[in-house]
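What you see is a predicted model, and the numbers here were worked out from it, not measured in a lab. Computed from heavy atoms alone, side chains included, the values below leave out hydrogens, waters and symmetry copies. We count ligands from 1, going down the list as the structure has it; atoms in each ligand are counted the same way. Residue numbers start at 1 and run along the sequence shown.
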Amino acid sequence: MIVDLPDHAASAALAARIAADLRAGDVVALSGGLGAGKTTLARSIVAALGYQGEVPSPSFAIIETYDPPAVRLPLVHADFYRLEDPAEADEIGLDDYRFGAAMLAEWPDHAGGFTHEPGCLSIVLESTENGRRAIVTPGRDWLERGSWT
Ligand SMILES: Nc1ncnc2c1ncn2[C@@H]1O[C@H](COP(=O)(O)OP(=O)(O)O)[C@@H](O)[C@H]1O
Ligand SMILES: [Mg+2]
C-alpha cells in the first residue's frame, strides 16, 4: 500500500490509523534516509496514543519508553542508527524493553530488521517533489485488522 504524505497533517493522519490498530508485541519499522520523516511519523504515533508531552528523538539515547496512563499501551521508541552491529540490540536489552510493549523502530535494519515478525508493519518513507510518500507492508498479524493492503 502506498500513502502520499504531502504535509505534516497527512503524516499525522497515517499515524492516527497506526495508533488505533497498534497492539503489544508489534513493531512499526520506519525505514528511509536522513530527513525522510521517520521521527515525525513516530512522534505523531506517540501523540495519537495519548502522550501529551514533547516526544524527544531517540537518536542519542537509542531507546525512549512510554507507559500507561500517559499512553494507551506500553511503548518503545527506538532509533538504531548508532548501532554498529545488530548484536548490540541484544546487548542493550532490547527484548526486555519490548516485553509487553509495542515498538516504533527507526533504522530497523541496523538492529537486524523485523519484517520476519508477523506483528511488523513495515513503512518505507521516501521524499517526493511535494512532501513524502509511505510504502506500507503489513505483516500477517496486521492483515486481520483490515485496511492495511
Ligand atoms: N509529510 C511531510 N511533509 C513535509 N515535510 C515533512 C513530512 N514529514 C516530515 N517532514 C519534515 O522533514 C524533516 C525531517 O523529518 P524527520 O522526521 O526528522 O526525519 P528522519 O527522522 O527520517 O530523519 C523535518 O523538517 C520534518 O518537518
Ligand atoms: Mg529521526
Would you indicate whether the side-chain heavy atoms of [Y] and [X] approach each other to under 4.5 Å?
{"X": "Ile62", "Y": "Asp79", "answer": "no"}
{"X": "Val28", "Y": "Met103", "answer": "no"}
{"X": "Ile135", "Y": "Glu126", "answer": "yes"}
{"X": "Pro56", "Y": "Glu64", "answer": "yes"}
{"X": "Val3", "Y": "Met1", "answer": "yes"}
{"X": "Arg17", "Y": "Ser147", "answer": "yes"}
{"X": "Leu83", "Y": "Glu88", "answer": "yes"}

Just checking, is any N or O donor in the side chain of Glu106 or His77 under 3.5 Å from an acceptor N or O on the other one?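 Distance-only check passes for Glu106 and His77.
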
Quick check for you: to the nearest 0.5 Å, what is the distance between Asp26 atom CG and Glu117 atom CD?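 Reported to 0.5 Å precision, the distance equals 9.5 Å.
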
Test side chain to side chain contact (heavy atoms under 4.5 Å, CB included) on Phe80 and Leu94 and set out the steps. CA-CA 11 Å; Phe80 297 115; Leu94 183 61; 3.8 Å; yes

Nearest non-hydrogen protein atom, [atom]:
{"atom": "atom 18 (O) of ligand 1", "result": "Thr39 CB, 4.1 Å"}
{"atom": "atom 15 (O) of ligand 1", "result": "Thr40 OG1, 3.5 Å"}
{"atom": "atom 27 (O) of ligand 1", "result": "His8 NE2, 2.7 Å"}
{"atom": "atom 1 (N) of ligand 1", "result": "Ser11 OG, 2.9 Å"}
{"atom": "atom 12 (O) of ligand 1", "result": "Arg132 NH2, 2.7 Å"}

My question is simple, although I want it checked carefully: is atom 21 (O) of ligand 1 less than 4.0 angstrom from any protein heavy atom?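 Given the 4.0 Å cut-off, atom 21 (O) of ligand 1 counts as touching protein heavy atoms.
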
For [X], the ligand 1 atoms whose distance to one of its heavy atoms is below 4.0 Å:
{"X": "Leu5", "value": "1 (N), 2 (C), 3 (N)"}
{"X": "Pro6", "value": "3 (N)"}
{"X": "Gly33", "value": "22 (O)"}
{"X": "Leu34", "value": "23 (O)"}
{"X": "Glu106", "value": "21 (O)"}
{"X": "Gly37", "value": "9 (C), 15 (O), 16 (P), 17 (O), 19 (O), 20 (P), 22 (O)"}

Is the count of non-hydrogen atoms from other residues, nucleotides or ligands lying under 6.0 Å from Gln52 atom CD greater than 12?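 No, not enclosed.
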
How does Asp7 reach ligand 1, by side chain, by backbone, by both or by neither, if only non-hydrogen atoms under 4.0 Å count?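 Asp7 to ligand 1: backbone contact only, side chain stays beyond 4.0 Å.
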
Run the contact test for Gly35 against ligand 1 with a 4.0 Å cut-off on heavy atoms, strictly below, and give the result.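 The answer is yes, since Gly35 has a heavy atom less than 4.0 Å from ligand 1.
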
How far apart are the C-alpha atoms of Val27 and Thr115, what are their side-chain angles, what is the distance that settles it, and do they pass the side chain to side chain contact (heavy atoms under 4.5 Å, CB included) test? CA-CA 9 Å; Val27 188; Thr115 51; over 6 Å; no

The Mg ion (ligand 2): protein N, O or S atoms [distance under 2.8 Å]: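 N, O, S partners closer than 2.8 Å: Thr39 OG1, Glu106 OE1.
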
Listed by chain and number, what are the salt bridge (charged side-chain N to carboxylate O under 4.0 Å, His left out) partners of Arg43, not counting sequence neighbours?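 Expected list: none.
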
